[in-house]
Amino acid sequence: MICAANAIKWLRLLDNKIHSRARCLHPLLSVPRPVHYRSLRSMSSSTKAQKRAKFEAVFPVIRDELLKHITAQGMPKDAIEWYHRNLDYNVPGGKLNRGLSVVDTAEILKGRTLTDDEYFKAALLGWCVELLQAFFLVSDDMMDQSITRRSQPCYYRLEGVNYIAINDSFMLEAAIYHLLKSHFRSDPCYVDLLELFHETTYQTEMGQLIDLLTAPEDHVNLSKFSLQKHQLIVIYKTAYYSFYLPVALAMYMCGIAHTAADDPYVRAREILVPLGEYFQVQDDFLDFAGTPEQIGKVGTDIVDNKCSWCVNTALALATPAQRAVLDANYGRKDAACEARIKALYEELGVRAQYEEYEEQAYKRIMGLIETIPETASAAEGQVVLKREVFKSFLDKIYKRQK
């Protein structure tokens, strides 16, 4: 096992290896410079791969710390091995966008490359977000009786797992609070971090409840759908934990304090929640309009009776005859029914509606970002909220095609 005390040394060696290789390709990278906002589209694939590799290198340190802890509790060998598999199967392997966003945001806020200690703490918080994501996905797959996740069988479908996955999902969530206690208990932000994770988890579970009640896969009732219901679901189920949580974690870690007037956390939430809503609307649209080659999967929202932006937009535009087509074909496990729904979307101009929505969302979010002072005044060493944090998120998703 890798000892957590050696994590900083390991990261320093990894970082040196990455930068030494990068300098061979780009000699100018050897010149120290502050971190500035850069468009994701202009960032080389090698740079993104290096950032991901450095972040991924922290996971074995965290995993081994968790295994060491349950070993010290006297857990038997089979329980330790089971927990090991649970962590390895469910936590790494995804896109890691949420976890990486904590590190990226901390660098933007600091305005420089993080020290080794700062990087480890930011990455640990990022992996806590990924643990939360894993907790949600393991339990969500059981509720939906899903078959695959990340191109492999859902965890509960593995031989011998079944309903043990319920307890395993609890252990993924509990690991967050063990790690926070181990690494942040003496930090001024410790209680803020605890409250943020608890509140975000509760918000996400409220969103999941609305979704489960509105759109059960085995019972289609489009009268429960509406654009307002869709907005409520995506804000609570997606926006808070995917967008606000990573940024707020980095803000707390960097020492940004709440204020009675113009609280930076309120301002961040007012930007990031609409941004998260826009992201989910994009996802819904790409599920309908994107090709498997483009989005990396076959869209299933129509056959799975999802409370998608597309069907809610169609419901808002449909004539009584078109509504009858929606009622007769939506949520059916039938390719012909799915084709009729897609044809109706085209007839109703859902593509044009999306293009209009996207431009309005972009303008609205940019307007909110521009309310943050371009050069906020701060005392020596004090970290303040910056526009670049939100521009980096918006640039990653604006007009994305996958």
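- No hydrogens or angles considered: nothing links the side chains of H183 and Y190 as a donor-acceptor pair under 3.5 Å.
- Across all their heavy atoms, F288 and C310 have their closest contact at CB-SG, 4.0 Å.
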Exercise. Between N90 and L137, is a side chain to side chain contact (heavy atoms under 4.5 Å, CB included) present by the stated rule, with each step listed?
Worked result: CA-CA 8 Å; N90 294 307; L137 295 185; over 6 Å; no

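- Contact check for C337 versus R340: side-chain heavy atoms found under the 4.5 Å cut-off.
- Taking the charged nitrogens against the carboxylate oxygens, E355 and K399 have no contact shorter than 4.0 Å, which rules out a salt bridge.
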For this session: Please assess R269 against Y240 for the test side chain to side chain contact (heavy atoms under 4.5 Å, CB included), listing each intermediate value before the final yes or no.
Result: CA-CA 8 Å; R269 187 172 66 245; Y240 281 119; 3.7 Å; yes

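- One finds a salt bridge joining R400 and D283 here, because a Lys/Arg side-chain nitrogen approaches an Asp/Glu carboxylate oxygen to under 4.0 Å.
- Salt-bridge formation is detected for the pair D327/R323: a Lys NZ or Arg NE/NH1/NH2 atom is positioned less than 4.0 Å from an Asp or Glu carboxylate oxygen.
- Looking only at distances, no side-chain donor or acceptor of E388 sits under 3.5 Å from a matching main-chain atom of I108.
- At a threshold of 4.0 Å, the pair R112-E118 counts as salt-bridged, since one of the basic side-chain nitrogens sits closer than that to a carboxylate oxygen.
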For this session: In sequence, state the C-alpha distance, the side-chain angles, and the governing distance for Y252 and Y265, and then conclude on ring-ring contact (aromatic ring centres under 6.0 Å, His included).
Result: CA-CA 9 Å; Y252 282 129; Y265 291 88; 4.4 Å; yes

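- Checking Y241 against Q133 by side-chain atom types alone, a donor-acceptor pair falls below 3.5 Å.
- Between E346 and R351 a salt bridge is recorded (basic side-chain N to carboxylate O distance below 4.0 Å).
- Distance check: F135 CZ to L132 CG gives 7.0 Å after rounding to the nearest 0.5 Å.
- Looking at V58 and Y119, their side chains come closer than 4.5 Å, going by heavy atoms from C-beta outward.
- Atoms CZ and CD1, from R267 and I372 in turn, are 6.0 Å apart once rounded to the nearest 0.5 Å.
- Counted within 6.0 Å of CZ on R364, heavy atoms from surrounding residues, nucleotides or ligands total 12 or fewer; the atom is thus considered open.
- In this structure, a donor-acceptor pair under 3.5 Å is absent between the side chains of E358 and Y398.
- Considering every non-hydrogen atom in both V383 and L109, the closest pair reads CG1-O, 3.4 Å.
- Each of N167, V161, L87 was evaluated against W82; a single residue qualifies, V161, per the side chain to side chain contact (heavy atoms under 4.5 Å, CB included) test.
- At distances below 3.5 Å, not a single donor-acceptor pair connects side-chain atoms of R149 with backbone N or O atoms of V138.
- Using a distance-only test at 3.5 Å, with no hydrogens or angles considered, no donor-acceptor pair links the side chain of D187 to the main chain of C189.
- Although no hydrogens or angles enter the test, the distance criterion places no donor-acceptor pair under 3.5 Å between the side chain of K237 and the main chain of Q208.
- Screening V61, I62, L67 for a side chain to side chain contact (heavy atoms under 4.5 Å, CB included) with D64, the sole residue that qualifies is L67.
- E199 contributes no side-chain N or O that, together with a main-chain N or O of L196, makes up a donor-acceptor pair within less than 3.5 Å.
- Under the 3.5 Å distance criterion, with hydrogens and angles disregarded, no donor-acceptor pair is assigned to the side chains of H258 and D192.
- Between L158 and R85, the closest side-chain pair of non-hydrogen atoms falls below 4.5 Å.
- Under the 3.5 Å distance criterion, the side-chain polar atoms of T105 are left unmatched by any main-chain donor or acceptor of V102.
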Exercise. Side chain to side chain contact (heavy atoms under 4.5 Å, CB included) between C128 and F197: does it pass, once the steps are laid out?
Worked result: CA-CA 9 Å; C128 284; F197 269 107; 3.6 Å; yes

Problem set entry | side chain to side chain contact (heavy atoms under 4.5 Å, CB included) between Y236 and D211, worked out | CA-CA 10 Å; Y236 277 85; D211 194 22; over 6 Å; no

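- Listed for the R332 side chain is a donor-acceptor partner under 3.5 Å among the backbone atoms of Y330.
- Taking the six-membered ring where tryptophan is involved, the planes of Y357 and W309 are tilted, since the angle between them lies from 30° to 60°.
- Residues F393 and I271 are not in side-chain contact: their nearest non-hydrogen atoms beyond the backbone lie 4.5 Å or more apart.
- For K181, the NZ atom is loosely surrounded, since the number of other residues' heavy atoms within 6.0 Å does not exceed 12.
- The shortest distance between side-chain heavy atoms of V91 and L172 falls below 4.5 Å.
- A distance-only check finds no donor-acceptor pair linking the side chain of Q280 to the backbone of T238 [under 3.5 Å].
- Shortest non-hydrogen contact noted between E277 and A239 is N-CB, 4.2 Å.
- Heavy-atom minimum distance, R52 versus G94: NH2-O, 2.8 Å.
- In this structure, D141 and Y155 have side chains that are not in contact, with every pair of non-hydrogen atoms separated by 4.5 Å or more.
- Ring planes of F55 and W127: parallel class, angle under 30° (limits at 30 and 60°).
- Formation of a donor-acceptor pair under 3.5 Å by the N86 side chain with backbone atoms of D168 is found in this model.
- With respect to the salt-bridge test (charged N to carboxylate O, under 4.0 angstrom), the residues D287 and K306 do not qualify.
- To the nearest 0.5 Å, the span separating CG on L213 from NE2 on H219 amounts to 11.5 Å.
- When every heavy atom of S308 is checked against every heavy atom of H230, the shortest pair comes out as C-CD2, 3.6 Å.
- For the pair S392 (side chain) and V389 (backbone), a donor-acceptor distance under 3.5 Å is present.
- Both the sub-6.0 Å distance and the 45° axial angle are not jointly satisfied by K342 relative to the ring of Y345.
- Closest of all the heavy-atom pairs between L317 and Q322 is O-OE1, 4.2 Å.
- Atom CG of residue L232 and atom OG1 of residue T214 lie 8.5 Å apart, to the nearest 0.5 angstrom.
- Separating the NZ atom in K121 from the OG1 atom in T115 is a distance of 9.5 Å, to the nearest 0.5 Å.
- Taking NZ from K229 and SG from C307, the interatomic distance works out to 7.0 Å, rounded to the nearest 0.5 Å.
- With a 4.5 Å cut-off on side-chain heavy atoms, K110 and C254 count as touching.
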